[in-house]
**Q** 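Here's a structure for you.
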Amino acid sequence: FTLLHVGNLKLSHAVSGLVWFVKEVWPEIRNRMPSARFIIAGFKPDKIILDFTADESIEVVSNPIEVESFYRKSHIFVNPVFNGSGVNMKLGAPSRFGLPIVTSTFGARGYDQIAQYLQIADNVEEFAKLVTDLQRDKDLYLFCSHGLQEKIKEYEPYAQANKMIGLSDRKSTRLNS
């Protein structure tokens with residue numbers, strides 16, 4: 001069973017979230033799921049991130065040329081982020097690939113439209129529990145996976161373009177009436 005995190009691995013909030021996850025949550029997950037693996041892929045990994053590979057169950061992929069293959073071979077996306085700024089865009093890609101997501105409350109900000117399909121936790125025990133629940137409960141896994149995939153389709157460019165065309169057609173119909 002493989003967990004995944006993709007992102008800019010030099011940003012301080014990404015580094016602090018991953019340090020918390022690897023030092024605090026990952027041992028709990030491994031106690032419950034001894035064969036679990038964790039892939040961290042991203043750009044400019046900080047040295048502390050590279051040092052995670054001392055644990056054989058953790059793989060760090062520096063500056064990947066592409067990330068689609070990581071989404072395809074993983075089962076759950078984890079987003080342990082507790083601060084930062086800017087636009088939160090990290091959850092779109094795993095949603096498109098149907099990866100259930102375990103994130104923090106902060107990491108879920110701005111994603112009200114898909115919140116019912118996210119697993120949200122802000123402490124070690126709950127984060128580990130939600131990951132293992134997804135691994136053990138096929139119905140929960142499928143609910144999150146399919147729900148995210150379907151909901152994210154509403155926000156893809158072609159869906160947005162169709163909405164705009166529909167609005168334009170309604171407007172011109174009213175103008176011609």
**Q** Search all heavy atoms of K151 against all heavy atoms of Y117 and return the closest pair with its distance.
**A** CB-CE1, 4.4 Å
**Q** Salt-bridged, K23 to E28, with N to O below 4.0 Å?
**A** no
**Q** Please check if the distance between the ring centroids of F82 and H13 is under 6.0 Å.
**A** no
**Q** Taking C-beta and beyond as the side chain, do R30 and S57 meet within less than 4.5 Å on heavy atoms?
**A** yes
**Q** Does Y71 reach the side chain of F77, with side-chain heavy atoms less than 4.5 Å apart?
**A** yes
**Q** State, with a plain yes or no, whether a side-chain heavy atom of I120 is found less than 4.5 Å away from one of S104.
**A** no
**Q** Determine whether I58 and V124 fall in the same hydrophobic cluster, where Ile, Leu, Val, Met, Phe, Trp and Tyr are linked whenever their side-chain heavy atoms lie under 4.5 Å apart.
**A** yes
**Q** Give a yes or no on whether I48 and F43 share a hydrophobic cluster (residues Ile, Leu, Val, Met, Phe, Trp, Tyr; joining criterion: side-chain heavy atoms under 4.5 Å apart).
**A** no
**Q** Side chains of I114 and S95: closer than 4.5 Å at any heavy-atom pair?
**A** yes
**Q** Who are the salt bridge (charged side-chain N to carboxylate O under 4.0 Å, His left out) partners of E24, not counting sequence neighbours?
**A** none
**Q** Considering all heavy atoms of both residues, which atom of L50 and which atom of S62 are nearest to each other, and what is their separation?
**A** CD2-OG, 3.5 Å
**Q** What's the shortest heavy-atom distance between V61 and P64, and which atoms?
**A** O-CD, 3.8 Å
**Q** Mind telling me whether F127 and F21 have parallel, tilted or perpendicular rings, with 30° and 60° as the class edges?
**A** perpendicular
**Q** Quick one: does any side-chain atom of T103 pair with a main-chain N or O of N79 as donor and acceptor, under 3.5 Å?
**A** yes
**Q** Go through the steps for F38 and H5 under the test side chain to side chain contact (heavy atoms under 4.5 Å, CB included), then give the verdict.
**A** CA-CA 8 Å; F38 183 33; H5 178 86; 4.0 Å; yes
**Q** Taking all atoms of both residues into account, what is the closest heavy-atom pair of P45 and N63, and its distance?
**A** CD-OD1, 4.3 Å
**Q** Take the angle between the ring planes of Y141 and F1 and call it parallel below 30°, perpendicular above 60°, tilted in between.
**A** perpendicular
**Q** With sequence neighbours excluded, what pairs up with D133 under the salt bridge (charged side-chain N to carboxylate O under 4.0 Å, His left out) test?
**A** K129
**Q** Keeping the roles fixed (side chain from R32, backbone from I29), state whether a donor-acceptor pair exists under 3.5 Å.
**A** no
**Q** Would you mind reporting whether W26 and L3 have side-chain heavy atoms less than 4.5 Å apart?
**A** yes
**Q** Would a distance-only check, ignoring hydrogens and angles, find a side-chain to backbone donor-acceptor pair under 3.5 Å from S145 to G98?
**A** yes
**Q** Suppose we screen for ring pair (Phe, Tyr, Trp, His ring centres under 6.0 Å). Which residues come up paired with F52, at least two apart in sequence or across chains?
**A** none
**Q** E126: which residues meet the salt bridge (charged side-chain N to carboxylate O under 4.0 Å, His left out) condition with it, sequence neighbours left out?
**A** none
**Q** Minimum heavy-atom separation for C144 to L134, with atom names?
**A** SG-CD2, 4.1 Å
**Q** For residues 40-49, which residue pairs pass the salt bridge (charged side-chain N to carboxylate O under 4.0 Å, His left out) check, not counting sequence neighbours?
**A** K47-D51
**Q** Do the side chains of I76 and I101 get nearer than 4.5 Å, heavy atoms only?
**A** no
**Q** Less than 4.5 Å apart, side chain to side chain, heavy atoms only: is that true for L118 and L91?
**A** yes
**Q** Name all pairs fulfilling the salt bridge (charged side-chain N to carboxylate O under 4.0 Å, His left out) condition that reach into residues 54-63, sequence neighbours left out, sorted by first residue then second.
**A** R37-E59
**Q** I need the L4 CG to R72 CZ distance, nearest 0.5 Å.
**A** 13.0 Å
**Q** Hey, quick one: are L11 and I49 part of the same hydrophobic cluster, counting side-chain heavy atoms closer than 4.5 Å, chains of contacts allowed?
**A** no
**Q** Is any side-chain heavy atom of Q119 closer than 4.5 Å to a side-chain heavy atom of L140?
**A** yes
**Q** Please walk me through it: do L18 and L9 pass side chain to side chain contact (heavy atoms under 4.5 Å, CB included)?
**A** CA-CA 9 Å; L18 285 167; L9 304 177; 3.7 Å; yes
